[in-house]
Amino acid sequence: CKGDNLTPVGNITINLRGTNGAALPTTGTSRLYIYDNIAPSTTIDAVTFDDGEPYIFGTATNQSVFILLVCTDNIAGSKCSNTKYCTGSESCIPTTAGNSFTISTEGKTYVRFQSTDNIGNTETIQSKVVIIDKTPPTTATVEAPANTKHYKTATMPASFSGKAKDNTGGSGLNTNSATFYIKRASDNKYWTGSMWSSSITWLPTTHIATTGDTEVTWTSSITLPPWS
């Protein structure tokens, strides 16, 4: 005999026995069938390659990023069979089997991955973004005061300003990340914001954050030295 179209909602036990002409049943044999239609799940962890610090997906780092994928099946499932991933565009298809790899390419890289259990249940593709920027900003200029222009005390600008931008393909500039220094030619000392010092002092500026190679205008945000 046979039974067709079994669609269980959980684990099932099947016991089959026969009865002879004297109405005496045989001893049945039980079989447990484990019903599993739940896909496994995959977690992803990442650390920066040089210092081993946790990496937050979607943020920029100047280091390569080491990725670890871990598959977990449900407690009564058929267990994980494989994990596959791809790196590149936001539409790449996971075909590379493995659970650890390193991303070193500068720019934005999509990491897409999914796991399959031993009876073919496959999870929906997951996606994360890694941003690597190892190239310093390409532009940092001073526009006020103007280069080589002669000034008197009364004509010196009340604040210094200029332009800055990241390299093409870069992650952009953080808010107020541009800095500058003022060096006095007569004794090679540097302005600290309150006095002249023999040690170089990078002075803060004010500007908005940018993305990519968008140019931004910065303005000095410290007290300038007396020019008299």
Side-chain angles (χ1 to χ4, degrees), residues 44-68 87-88 100-111 128-228:
I44 182 170
D45 291 305
V47 296
T48 48
F49 193 82
D50 295 337
D51 57 22
E53 291 295 319
Y55 171 73
I56 300 174
F57 290 102
T59 64
T61 177
N62 61 2
Q63 301 178 39
S64 299
V65 176
F66 176 77
I67 303 291
L68 178 64
T87 60
S100 64
F101 52 94
T102 299
I103 297 175
S104 301
T105 304
E106 285 199 73
K108 179 185 291 186
T109 299
Y110 287 86
V111 179
K128 297 290 184 181
V129 175
V130 173
I131 302 172
I132 298 177
D133 183 3
K134 300 179 180 179
T135 305
T138 56
T139 300
T141 62
V142 177
E143 296 185 346
N147 188 36
T148 70
K149 182 177 179 179
H150 292 81
Y151 287 91
K152 299 186 297 183
T153 300
T155 59
M156 279 296 289
S159 63
F160 288 4
S161 62
K163 302 288 187 181
K165 69 175 182 177
D166 201 4
N167 60 293
T168 301
S171 56
L173 302 178
N174 291 330
T175 303
N176 303 336
S177 60
T179 56
F180 71 104
Y181 66 77
I182 301 174
K183 182 179 180 181
R184 189 165 60 184
S186 61
D187 57 8
N188 292 324
K189 290 189 174 183
Y190 300 87
W191 182 246
T192 67
S194 60
M195 60 180 290
W196 294 98
S197 169
S198 57
S199 299
I200 188 171
T201 301
W202 289 95
L203 304 172
T205 67
T206 299
H207 63 82
I208 62 173
T210 66
T211 57
D213 59 351
T214 302
E215 189 173 66
V216 68
T217 297
W218 62 265
T219 304
S220 60
S221 59
I222 49 91
T223 301
L224 296 176
W227 304 115
S228 56

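A158 approaches L224 most closely through the heavy-atom pair O-CD1, 3.3 Å. Across T201 and Y181, no two heavy atoms sit closer than the pair O-CB, 3.3 Å. Contact detail for K165 and P137: the closest heavy-atom pair is O-CB, 3.3 Å.
With a 6.0 Å radius and a threshold of 12 heavy atoms from other residues, nucleotides or ligands, N147 has its CG atom at or below the threshold. The number of heavy atoms from other shown groups lying within 6.0 Å of OH (Y151) is above 12. Counting heavy atoms of neighbouring residues, nucleotides and ligands inside a 6.0 Å radius, atom CZ of F49 does not exceed 12 of them.
Residues D133 and N167 meet the side-chain proximity criterion, which asks for heavy atoms closer than 4.5 Å. Inter-residue side-chain proximity for S177 and H207 is flagged as met; some heavy-atom pair is nearer than 4.5 Å. The shortest distance between side-chain heavy atoms of T105 and I132 does not fall below 4.5 Å. Considering only heavy atoms from C-beta on, Y190 stays 4.5 Å or farther from S199 through its side chain. The closest side-chain heavy-atom distance from T102 to F66 is below 4.5 Å. Taking the side chain as every heavy atom from C-beta outward, T217 and K163 approach each other to under 4.5 Å.
The line from CD1 of I182 to CD1 of I200 is 12.0 Å long, rounded to the nearest 0.5 Å. Atom CD of E53 sits about 10.5 Å away from atom OG1 of T61, to the nearest 0.5 Å. Distance check, rounded to the nearest 0.5 Å: NZ of K189 to CE of M195 gives 7.5 Å. Rounding to the nearest 0.5 angstrom, the gap separating the CD1 atom in I67 from the CZ atom in F101 is 5.0 Å. Between the OG1 atom of T179 and the CD1 atom of I222 there is a distance of 11.5 Å, given to the nearest 0.5 Å. Note that OG1 of T214 is 8.5 Å distant from CD1 of I208, once rounded to the nearest 0.5 Å.
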Evaluation steps, side-chain hydrogen bond (donor to acceptor under 3.5 Å, both in side chains), between E215 and T139: CA-CA 8 Å; E215 189 173 66; T139 300; 5.4 Å; no

Test T219 against F160 for side-chain contact (heavy atoms from CB on, under 4.5 Å), laying out the working first. CA-CA 6 Å; T219 304; F160 288 4; over 6 Å; no

Is there a side-chain contact (heavy atoms from CB on, under 4.5 Å) between V47 and Y55? Walk through the geometry before answering. CA-CA 5 Å; V47 296; Y55 171 73; 5.8 Å; no

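Here the rule is ring pair (Phe, Tyr, Trp, His ring centres under 6.0 Å) with W191, and of W202, F180, W196 only W196 fits it.
Without hydrogens or angle criteria, T109 side chain to T87 main chain gives no donor-acceptor distance under 3.5 Å. Panel note: side chain D166, backbone S171; a donor-acceptor pair is recorded below 3.5 Å. Between the side chain of T210 and the backbone N or O of L173, at least one donor-acceptor pair lies under 3.5 Å. Side-chain N or O atoms of S220 include none that pairs as donor or acceptor with a backbone N or O of S159 at under 3.5 Å.
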